[in-house]
Amino acid sequence: MQVAAQKNARCAAVRPKAASRRVQVCVAARYANWREQVESAPSSSSSSSSSVEPKKILMMGGTRFIGLYLARQLVEAGHEVTLFTRGKKKVAYEIPDDTPSSFASFSRSIKHIQGDRMDFPEVERKLAREGFQVVYDINGREAVEVEPVLKGTKSTLEQYIYCSSAGVYLKNDQMPHREEDAVDPKSRHKGKLDTEELLRKSGVNFTSVRPVYIYGPLNYNPVEEWFFHRLKAGRPIPVPGSGQQVTQLGHVKDLATAFVKVLGNKKAARQIYNISGERFVTFDGIAKACAKAMGVPEPELIHYNAKDFDFGKDKPFPMRDQHFFASVDKAMADLDWQPEFSLLDGLKDSYQKDFGRGTFRKEPNFKCDDIILEKHKPKAAAAAAAPAMSRSSWR
Amino acid sequence: MQAQLRANRVGGARRATAPTGRRLSVKIMNANVLIANTKGGGHAFIGLYLAKELLKKGHKVTIMNDGDESKLTKKTPYSKYAELAREGATIAWGDPTKPSTFPRGSFDVVYDNNGKDLASCQPMIDHFKHKVDHYVFVSSAGAYKADSIEPMHVEGDNRKSTAGHVEVEAYLQSARMPYTVFQPLYIYGPNTAKDCEQWFVDRIIRDRPVPIPSPGIQLTSLTHVEDVAAMLALVPGNRNAIGQMYNVCSDRCISFVGICKAVAKALGKEADVVLYSPEKVGTGKSGKAEGFPFRTVHFFASSDKAKRELGWKPKHDFQKDVAALVADYKAQGRDKKEVDFSVDDKILAALGKSVKPAAAPAAPASASSSSSAGFDRVSSPSPSGSGPRRPSFSPRRDLSIKRTVLPPNWRDSVGGEAEAVPAAAAGRSAGRSSSIPRDWRSAL
C-alpha cells in the first residue's frame with residue numbers, strides 16, 4: 001500500500017528514538033482506517049509539525065516555566081534543543097511530570113550555551129556558526145534583545161518563534177480580543193509589541209504567540225497559587241468589583257503544544273496567535289473552580305470596590321481588573337491545535353502536582369486581604385486579630 | 001434521498017477538529033425551500049433576510065408567515081415582503097400549526113422560524129416527516145442554563161429542562177428527522193420587529209440617563225441579522241449539519257456599558273450611565289430587569305462550531321455597525337416619537353436621582369427610604385403656570401422622616417408670604433422653601 005507506506009515513513013520520522021513497538025502500533029493504527037484516508041482530500045497534515053524533520057533549535061531561556069515543558073516536547077519530537085541561559089538554574093530542571101528515566105533521557109539530550117542575553121555582542125558571538133535553524137524566544141522582553149539573536153543565527157535561521165503576550169491588546173468593550181485587534185502602545189508589554197514590530201520589519205519568518213494567563217505546575221506567577229493559599233487557610237477570598245469580570249486561563253502544557261505545532265508550519269509564517277484555554281471564566285468562577293480542584297467547599301467571596309482602598313505597592317488581586325480574554329480559534333484552525341485541559345482538569349493538575357504537594361513559589365501575603373476584610377467584615381476581622389482565636393476559626 | 005442520521009452526535013458532542021477531508025459538501029442547486037416565519041418578536045426578520053440569502057444562492061423560496069396579513073404587512077419586516085416577491089419568492093400566509101393552510105408543493109428544506117415549544121412545532125414536524133431532506137429548527141440560546149463559572153455557552157452545555165425548545169429537539173430526534181437546530185442570541189439590524197440597541201438610543205439621543213443593571217460589565221452577544229441569515233442559509237445540501245446544533249452569534253460580545261459608549265459615540269454625545277440593582281429597586285430578580293431589553297447576566301456563546309463545520313464567518317461588527325443603526329433610527333423619525341420612560345423614572349426615583357429638567361423636576365427622595373416608590377411629587381408646576389419655579393422641599397434626613405404628609409390643600413395657605421417674609425424663611429431650616437406655611441400642621 002503506497003499510501004500506508006508513505007504514512008509509515010512519516011510516522012517513523014517523527015519518532016526516531018522510539019522503540020520499534022511504538023512504530024508498529026503507529027502503523028497498525030494507520031492501517032485501520034487507510035480506506036478513509038485514501039478517499040479523503042489532501043489533509044492539512046502536510047503543514048503540521050508531525051512531518052517536520054528534526055531541527056537544531058535554540059531556546060532563549062527555558063529553565064523557568066514554559067520552557068521546561070516546551071523543551072521536553074521538542075526533545076521528545078526528535079529535535080536537538082539548546083538552552084541559552086545565564087546558568088543560574090540547573091539546565092535540566094526536574095518537573096513533576098518527569099519519571100527518573102524520562103528525566104535522565106532529557107538531561108542527556110538537552111544542550112546548553114551559557115551567556116547573558118543582555119550582553120548583545122556576547123550573544124551574537126556565541127550563536128555564530130552554531131547553525132541554529134529555529135529559535136524559540138521565550139524570555140525576550142525588548143526588541144533590542146532580539147537583534148543579536150537574529151544576527152547570530154542569520155545564515156541558518158528558518159523560523160523565529162516569539163513568546164509575546166495578550167497584554168498588548170488595547171482594552172475594548174467588545175470582546176474577546178482577536179489577533180487583528182488594536183494594540184495598546186502604552187501597555188506595560190510595549191516591549192513585546194516592539195519586538196513583534198522588529199520581527200515583522202526584519203523580514204524573517206517569525207511567529208508570535210500571545211498567551212493570556214498561564215497556569216500549571218511550577219507557575220512562578222501567583223495566579224492559581226493566590227487562590228490556593230487562601231482556600232487552604234480557609235480565608236474568604238476578596239474579589240474586586242462584582243466578580244463578573246471575564247478572563248481566561250491557559251495550561252502551560254497546552255501552550256507548549258501550541259509552540260510545537262508552530263514549528264515548520266507554513267500557515268504560521270508571519271502570523272500572530274492567541275493561545276489560551278478554550279473557555280472563559282469569571283473572577284468568582286476561578287475561586288470556585290480552584291476550590292473544586294482542591295476538593296474544598298466553595299469559599300466565601302468578598303466583593304469590594306478597589307477605589308476605596310490604597311494598597312500601596314501590594315497587589316490585592318492577581319489579575320487586572322477588567323475583562324481580559326482572547327479568541328483562540330485562529331490557532332485552532334491554522335495549527336490543528338486544541339487545548340487538552342479544561343479549566344477544572346487543569347487546576348486539578350496544577351494542584352495535584354504542585355501546591356497540593358506542599359510546593360509553591362511565593363509565601364502567602366494576606367496584608368491586602370486583611371485591609372479589605374477590616375472594612376467589610378469588621379467583627380470577623382477583629383475576631384481574627386484577637387489572641388484567643390486561631391486562624392482556623394475562619395472555617 | 002434521505003440523508004443519513006447522525007443521532008449519536010446529538011447533544012453536541014464537541015468535535016475536536018474539523019473532519020479534515022471528510023467534508024463532502026454536495027451542493028444542491030435550486031432546492032425548494034419553505035420558511036415558516038413567526039408573526040413577531042426578535043426572530044421575525046430572520047425570515048426576510050434568510051429568504052433573500054437563499055434567493056441569492058439560487059434556491060426557490062416560499063415564505064409562509066403566521067398571523068394576520070392585513071395587520072402585519074403594515075409593520076416591518078413584513079412590509080418588506082413585496083420586495084421579496086419581486087426577487088422571486090412566493091409569499092404565503094398560513095398557520096404553522098395547521099398543515100391544511102400550508103402552501104402546496106414538495107419542499108426539500110423546511111425552516112421552522114416560528115415555534116417555541118412542542119405544541120407549536122409538532123404539527124409541522126409531523127406533516128413533513130419523511131418528506132424533506134432537511135428540517136431546520138430556529139431555536140434559542142435562551143435555553144442554556146447560566147453557568148456561574150464559565151459563562152460562555154457552547155453547544156452541548158446544560159440547558160434548562162423547562163425550555164420548550166429542548167422538547168422540540170427531543171421530538172425531532174425521536175422522529176428521526178434529518179434536522180439541524182440553530183440557537184441565536186440577540187439580533188439587530190434594519191427592519192426588526194423588536195428593539196435591540198434602539199432602547200439605548202431612545203435614552204441617549206434624548207439626553208436621558210441610561211439605567212443599567214449593576215455592574216454594567218455584563219457581556220451580551222449582538223449579532224447582525226445578515227450574519228444570522230448567512231449561517232442558516234448554509235444548510236441546504238450540507239449533510240454534515242444533520243443532527244447538529246449550532247449557536248448563531250457573532251464571534252464578539254459587548255458589555256452593556258460598551259453598548260452605551262458605542263451609541264453615544266455615534267451620536268456625538270456622552271452617555272449618562274446609572275447603575276442600579278434590580279433586586280434592590282424592586283424591578284426584577286434572577287437575570288431579568290423590568291424595562292431592560294436584555295437578561296442581566298452574562299449572555300454570550302461560542303460560534304466556533306459553525307465556523308469549523310459550516311465554514312461560516314461573521315461579516316458584521318456591532319461597533320462598526322452602530323453608526324448606521326443610529327442613522328436608521330433617525331431616518332425613521334424615532335427621535336421625535338414619544339417614548340414611555342415610566343420604568344426609568346421609577347428606577348431613578350428609587351435611587352434618588354432626577355432627570356435633568358426638560359420635564360417637571362422629579363421628586364427628591366431620601367436615599368435611605370427604600371419604600372419611596374410611593375413618594376408623592378411635592379413640587380409640581382404651579383397651576384397658574386406663572387412666576388419662578390418654587391424650590392423643592394427636602395425632608396430633613398436627621399429626623400428619619402420617611403414621608404412628609406402635607407394636606408392636599410397646603411398651597412391654599414400660601415399667600416404673598418413667599419415674597420413678604422424672605423427673612424423669616426431664612427430663619428427656618430436650611431433646605432426648606434419659604435412657601436410652606438408655619439402652621440400647616442393645623443390644617444391636618
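Fair warning: this is a prediction, and the values are worked out from it, not measured in the lab.
Residues of residues 319-329 of chain B having a heavy atom under 4.5 Å from any heavy atom of chain A, listed by number: B/Gln319. Of residues 283-295 of chain A, those residues lying under 4.5 Å from chain B by any heavy-atom pair are A/Gly285, A/Lys288, A/Ala289, A/Lys292.
A/Phe325 has its side chain within reach of B/Leu219: a pair of non-hydrogen atoms, C-beta onward, lies under 4.5 Å apart. Side-chain contact between B/Asp251 and A/Ser327 is absent, with no heavy-atom pair separated by less than 4.5 Å. In this structure, the side chains of B/Ile149 and A/Thr282 stay at 4.5 Å or more apart for every pair of heavy atoms.
Both the backbone and the side chain of A/Gln245 come within contact range of chain B, judged by heavy atoms closer than 4.5 Å. Using a 4.5 Å cut-off between heavy atoms, B/Phe318 touches chain A through backbone and side chain atoms alike. When heavy atoms are compared at a cutoff of 4.5 Å, A/Val281 approaches chain B by way of both its backbone and its side chain.
For the atom pair A/Gln244 CD and B/Ser148 OG, the distance stands at 9.0 Å (nearest 0.5 Å). Atoms CG and NZ, on A/Asp329 and B/Lys305 in that order, are 16.0 Å from each other to the nearest 0.5 Å. The structure places CG of A/Asp173 at 6.0 Å from CD1 of B/Ile254, a figure rounded to the nearest 0.5 Å. Taking CG of A/Asn172 as the start and NZ of B/Lys261 as the end, the distance is 9.0 Å to the nearest 0.5 Å. One distance of note links NZ of B/Lys307 with NZ of A/Lys330; it measures 12.0 Å at 0.5 Å rounding. Here the NE2 atom belonging to A/His323 is positioned 7.5 Å from the SG atom belonging to B/Cys253, to the nearest 0.5 angstrom.
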field: Steps toward salt bridge (charged side-chain N to carboxylate O under 4.0 Å, His left out) verdict (A/Arg279, B/Asp147)
entry: CA-CA 12 Å; A/Arg279 297 260 204 167; B/Asp147 188 320; 5.9 Å; no
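More than 12 non-hydrogen atoms from other residues, nucleotides or ligands lie less than 6.0 angstrom from NZ of B/Lys160. B/Lys269 NZ: more than 12 foreign heavy atoms inside a 6.0 Å radius.
A salt bridge is defined here as a Lys NZ or Arg NE, NH1 or NH2 lying under 4.0 Å from an Asp or Glu carboxylate O, and A/Asp181 with B/Arg252 meets this definition.
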